[in-house]
Amino acid sequence: MALFTLRSLRKDFGIKEILKDASFSLDEGDKVGLIGTNGSGKSTLLKMIAGLEHSDGGELWINSSAKIIYLPQQPDLNEENTVLEQVFADSGEQMSLVKEYEEISDKLSHGHGDQDRLLDRLSIVSERMDMTGAWDLETNAKIVLTKLGIEDLEAKIGSLSGGYRKRIAIASALLSAPDVLLMDEPTNHLDALSVEWLQSYLNRYRGALLLITHDRYFLDKVTNRIIEIDRGDLYNYSGNYSYYLEKKAEAEESSLSTQRKHAGLLRRELEWLKKGPKARSTKQKARIDRAHALQATEFKQANAKVDITTTGRRIGKKVVELNRISKSYGDRTLIKDFSYNFTPEDRIGIIGSNGAGKSTLMNMITGSLQPDSGTVEIGTTIHFGYFDQHSDDLADNGNLRVIDYLKNVSELVKTSDGSVITASQMLERFLFPGNQQYAPINKLSGGEKRRLFLLKVLMEAPNVLILDEPTNDLDVQTLAVLEEYLEDFNGCVIVVSHDRYFLDRTVEMVFSFESAGEVRLYPGNYSVYLEYKKDEAEATSNESKEQVSKDGKEQKNSIVPTITTETQKQKAEPKKSSKVSFKEKREYEDLEVKIPQMEAEKTEVEKKLYHNPPTSHIELQKLSDRLAELNQAIEKSTERWLELADRL
């Protein structure tokens, strides 16, 4: 049975047409993932179904008997409610019965009112609670809240952070048992364990689900249909996210094949027309008409993708050295006696529960926050790029036009291939068309703002890139491109994230915030970390079962080893004298000029060799030899430059 149906629905915001002719239905048991680039209209579509946004045409039919609950990215909660009161807000009759039962019980215990009438009413309420399952409401609420990391059930909503409010809104939506759940980025602000629990819960959920999320593991496990919004059009795929990727690739390949065939046929027809055929016969006239029709045929190009082509800068051997740092706030210790030497090749993932101290560690790494004890040493060549999760810089510039925001960084941008483009051209590569570039920032969607902020950070050419919850509000297409960019990024990458897929793709070591300020190091990506934790749990379980040996003495099983700050491999070589001679200073300055010159010559040689190769075998050999000499010289000179830069 259809729960709601869209027929030819349209939505236009003036500068962008969100929906052109949207049609689809959601049936009982459907679990649908809604995907598309930032600003494509995903959140708008959910708001229209929830009745919070009007359409500009078409029809939206909703089953009058269906209960629909909408969970936005930023839920609006009653700040005067306690956690439990807010969770029960959408529980309808169940909550009313629980309250009435408690009120009657209180009156009976204090001897207030007509006792016989109250007992009769209590019997009716109890029977109704049996029928509706209201007895389990509070128990279920406590279980759900605990799984989502909420423990103080009497806390006022107004005293809680945005992350905790989102968790309470999720709990409230789940416990209200709707027929349709509309969820916009439910995994934002959840740690990995909470995400896995929610994933498991939704797999068992009997109602229908329409979901927007950047978490590709979550999307793959929970959904049985994917709907893609692409420039106003809706495309339906029956299957999970993996199935969508497979069919999307096939569809794009088929479309390209069709376009190639069309181009070939059009070329032949145009050649025939150039010969000047006379339309004397019906057959010739039909062919001329067909040629004109072929010319008029338009194909929808493949969906544009973000093009991250910004250049970086050279990085010295010394990046950041943390020496026995500690940080506490009151009686709470966030980081205790932690040491680590970052290297230019590091790909670090930082995980931990909300409030564990991840952002505190980031701020100490960048030098914006001082530790209570210990030292932080930052290399002289280091330039940080900090993509913080709140994008505070955008909030402070909300009235600024998009193009002006980027021009404050630079009006010209050097790309990875050495070419120079304007800020406007760079915006187009990040999917901001010309008309959108002159709109104020506060008119952008949440995802578009995050994409703009990412562009600004990358345009500043960092060599240490810190990404704090980068997957929040970025679409899956942009995340895929960002992951590829990080693979080739020439510098150190530090990622704070709860997104399991993103961590698996981008990191090679995990910093895990444990209890009492301990930060433990695990080699590998997030999936490898989970294996370590699983082995640790099994070893601990075995240890508890075998604490006493046959002779009565205690035994200890070995726990899976992790990297500690004491056993961490020392990547830096023994320090040389920091004194630099006048001759070495001159050498450093010469290399600053020489290396770019060699790189420019290398580019020219490659163009000649690969794009316009000489016909002479002797000349070809000369170019190949010169390219090899340049590669060797650039590598040697760069190593020397890095050594001198460190000492300077």
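The first residue of the sequence shown is numbered 1, and numbering continues consecutively from there. None of the values given here were measured: they were computed from a predicted structure.
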Novice: Flag the pair R165 / Q74 as yes when at least one side-chain heavy-atom distance between them is below 4.5 Å, and no otherwise.
Specialist: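 In short, these two side chains do not touch, never coming nearer than 4.5 Å.
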Novice: Does atom OH of Y164 have more than 12 heavy-atom neighbours, drawn from other residues, nucleotides or ligands, at distances under 6.0 Å?
Specialist: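 No, not enclosed.
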Novice: Assign the ring pair Y201 / Y205 to parallel, tilted or perpendicular, where the plane angle (0 to 90°) is split at 30° and 60°.
Specialist: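 Geometry flag for Y205 against Y201: parallel rings.
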Novice: Report the C-alpha separation of S242 and D220 in whole Å, then their side-chain angles, then the decisive distance to 0.1 Å, and conclude whether the side chain to side chain donor-acceptor pair (under 3.5 Å) test is met.
Specialist: CA-CA 6 Å; S242 296; D220 206 43; 2.8 Å; yes
Novice: Main chain of T422, side chain of Q425: is a donor-acceptor contact present, judged purely on distance under 3.5 Å?
Specialist: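 Side chain of Q425 to backbone of T422, a donor-acceptor pair under 3.5 Å: yes, one is there.
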Novice: State, yes or no, whether a side-chain contact exists between I494 and M362 at a heavy-atom distance under 4.5 Å.
Specialist: yes
Novice: Looking at CD1 of I69 and OG of S172, how far apart are the two atoms once the value is rounded to the nearest 0.5 Å?
Specialist: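 So the CD1 of I69 and the OG of S172 are separated by 7.0 Å.
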Novice: Which pair of non-hydrogen atoms, one from A171 and one from V87, has the smallest distance, and what is that distance?
Specialist: CB-CG2, 4.2 Å
Novice: Can you tell if the side chain of L160 reaches within under 4.5 Å of the side chain of R167, non-hydrogen atoms only?
Specialist: no
Novice: Please give me the minimum heavy-atom distance between Q73 and S43, naming the atom from each residue.
Specialist: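 So the minimum-distance heavy-atom pair works out to NE2-OG, 3.7 Å.
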Novice: Would you say the side-chain atoms of H214 pair up with the backbone N or O of L474, donor to acceptor, closer than 3.5 Å?
Specialist: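 Pair absent, no side-chain N/O of H214 close to backbone of L474.
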Novice: Not counting sequence neighbours, which residues clear side-chain hydrogen bond (donor to acceptor under 3.5 Å, both in side chains) with R401? List them please.
Specialist: D404
Novice: Applying the side-chain contact (heavy atoms from CB on, under 4.5 Å) test to L34, which of L45, L211, T223, L219 qualifies?
Specialist: L45
Novice: A side-chain contact here means heavy atoms from C-beta on lying under 4.5 Å apart; do D184 and L71 qualify?
Specialist: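 Counting from C-beta outward, D184 and L71 never come under 4.5 Å.
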Novice: After noting the C-alpha distance and the side-chain angles of R500 and D215, does the key distance pass the salt bridge (charged side-chain N to carboxylate O under 4.0 Å, His left out) rule?
Specialist: CA-CA 8 Å; R500 302 159 293 172; D215 189 319; 3.5 Å; yes
Novice: Verify the neighbour count for atom NZ of K156: are there more than 12 heavy atoms of other residues, nucleotides or ligands below 6.0 Å?
Specialist: yes
Novice: Between G149 and S194, what is the shortest heavy-atom contact and its length?
Specialist: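 Minimum heavy-atom separation between G149 and S194: N-OG, 4.5 Å.
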Novice: Show your working on salt bridge (charged side-chain N to carboxylate O under 4.0 Å, His left out) between R216 and E483 and close with a plain yes or no.
Specialist: CA-CA 13 Å; R216 284 152 288 178; E483 288 158 1; 2.5 Å; yes
Novice: Could you tell me whether the side chain of K166 and the main chain of E185 form a donor-acceptor pair under 3.5 Å?
Specialist: yes
Novice: I want to check a possible cation-pi pair here: R451 against F432, using under 6.0 Å from ring centre and within 45° of the ring axis as the test.
Specialist: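 Yes, a cation-pi geometry.
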Novice: Taking E448's backbone N and O only, do any of them form a donor-acceptor pair with S445's side chain (distance below 3.5 Å, no angle check)?
Specialist: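 Yes; judged by distance alone, with no hydrogens or angles, the pair exists.
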Novice: Stepwise, does the side chain to side chain donor-acceptor pair (under 3.5 Å) test hold for D499 with S497?
Specialist: CA-CA 5 Å; D499 190 304; S497 181; 5.4 Å; no
Novice: Measure across G41 and I18 and return the closest heavy-atom pair with its distance rounded to 0.1 Å.
Specialist: CA-CG2, 3.3 Å
Novice: Is any side-chain heavy atom of E228 less than 4.5 Å from a side-chain heavy atom of L234?
Specialist: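 A side-chain contact under 4.5 Å is absent here.
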Novice: Looking at F453 versus F387, is the centre-to-centre ring distance below 6.0 Å?
Specialist: yes
Novice: Give, for atom CG of L209 and atom CG of L26, the distance between the pair rounded to the nearest 0.5 Å.
Specialist: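 One finds 8.5 Å between CG of L209 and CG of L26.
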Novice: Is any side-chain heavy atom of L486 closer than 4.5 Å to a side-chain heavy atom of L467?
Specialist: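 Yes. Closest side-chain heavy atoms under 4.5 Å.
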Novice: Can you tell me how far apart CG (L465) and CG (L458) are? Round to the nearest 0.5 Å.
Specialist: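 CG of L458 is found 6.0 Å from CG of L465.
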Novice: For D468 and S359, which I'm curious about, is there any donor-acceptor pair between the side chains at under 3.5 Å?
Specialist: yes
Novice: Thinking salt bridges, do E487 and R505 make one under a 4.0 Å N-O criterion?
Specialist: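 Salt bridge present between E487 and R505.
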Novice: Whether the T478 and D475 side chains hold a donor-acceptor pair (N or O, under 3.5 Å, no angle test) is what I'd like checked.
Specialist: yes
Novice: Which atoms form the tightest heavy-atom contact between P462 and V457, and what is the distance?
Specialist: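 That closest heavy-atom pairing would be CD-O, 3.5 Å.
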Novice: Within the 4.5 Å heavy-atom criterion, are L210 and L46 side-chain neighbours or not?
Specialist: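 Yes, at least one pair of side-chain atoms sits under 4.5 Å.
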Novice: Between D30 and R225, is there a salt bridge with N-O shorter than 4.0 Å?
Specialist: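 Salt bridge flag = yes for D30 with R225.
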Novice: Hey, mind stepping through Q437 and S424 against side chain to side chain donor-acceptor pair (under 3.5 Å) and telling me if it holds?
Specialist: CA-CA 7 Å; Q437 293 179 19; S424 177; 2.7 Å; yes
Novice: Could you give all pairs that pass the salt bridge (Lys or Arg N to Asp or Glu O under 4.0 Å) test and reach residues 46-63, with sequence neighbours left out?
Specialist: R7-E59, K11-E53
Novice: Measure the spacing between CD1 of I212 and CE of M183 and express it to the nearest 0.5 Å.
Specialist: 11.5 Å
Novice: Any side-chain heavy-atom pair from N240 and N224 closer than 4.5 angstrom?
Specialist: no
Novice: Give a yes or no on this: more than 12 heavy atoms of other residues, nucleotides or ligands lie within 6.0 Å of atom CG of D76.
Specialist: no
Novice: Can you name the side-chain hydrogen bond (donor to acceptor under 3.5 Å, both in side chains) partners of S410, sequence neighbours left out?
Specialist: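 Scan of S410 (side-chain hydrogen bond (donor to acceptor under 3.5 Å, both in side chains), adjacent residues dropped) gives none.
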Novice: Taking all non-hydrogen atoms of both residues into account, name the closest pair between L198 and L174 and its distance.
Specialist: CD1-CD1, 3.9 Å
Novice: When rounded to the nearest 0.5 angstrom, what distance separates OG1 in T5 from CD1 in I62?
Specialist: 9.5 Å
